[in-house]
Amino acid sequence: MLDKKILEFLDCDIYKYSYAKKCFQISNYFKTDLNSLVDEVKKIINVLHENSIKYKILKDNTIKLDL
């Protein structure tokens, strides 16, 4: 499970973390444009790298954690 302290660093507008699926999924399509999506993906990936958490980015832009 992803540490709640890590989630505090991620103030996401587009993505939402799913505890059941252990992934970040796009949940707000209304605020999604290419620039904001890329910015938010970068922010999530940077935090995951800083905390040595392995992940995969799936075809639908879901960020699946390898926990």
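Each residue takes its place number in the sequence, starting with 1.
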Of the non-hydrogen atoms in [X] and [Y], which two are nearest, and what is the gap between them?
X     : Y     : value
Asn51 : Val47 : ND2-O, 2.8 Å
Asp13 : Glu40 : N-OE1, 2.9 Å
Lys64 : Cys23 : CA-CB, 3.8 Å
Ile57 : Val41 : CD1-CG1, 4.4 Å
Ser18 : Lys21 : OG-N, 3.2 Å
Leu10 : Lys43 : CD2-O, 3.7 Å

Query raised in the report: Taking it one step at a time, do Gln25 and Tyr17 satisfy side chain to side chain contact (heavy atoms under 4.5 Å, CB included)?
Result: CA-CA 6 Å; Gln25 294 178 298; Tyr17 184 70; over 6 Å; no

Query raised in the report: Looking at CG of Leu48 and CD1 of Ile63, how far apart are the two atoms once the value is rounded to the nearest 0.5 Å?
Result: 6.5 Å

Co-membership, hydrophobic cluster, residues [X] and [Y], 4.5 Å side-chain:
X     : Y     : value
Leu58 : Ile45 : no
Val38 : Ile44 : no
Phe24 : Leu34 : no

Query - Any residue meeting ring pair (Phe, Tyr, Trp, His ring centres under 6.0 Å) with Tyr15, in chain and number order, not counting sequence neighbours - result: none

**Report entry** side chain to side chain contact (heavy atoms under 4.5 Å, CB included) evaluation trace for Ile26 with Asp60
**Finding:** CA-CA 9 Å; Ile26 295 175; Asp60 65 352; over 6 Å; no

Requested in this report: Could you tell me whether Asp66 atom CG has more than 12 heavy atoms of other residues or ligands within 6.0 Å of it?
Outcome: yes

Query raised in the report: Got a sec, which pairs hit ring-ring contact (aromatic ring centres under 6.0 Å, His included) with one end in residues 30-53, sequence neighbours left out?
Result: His49-Tyr55

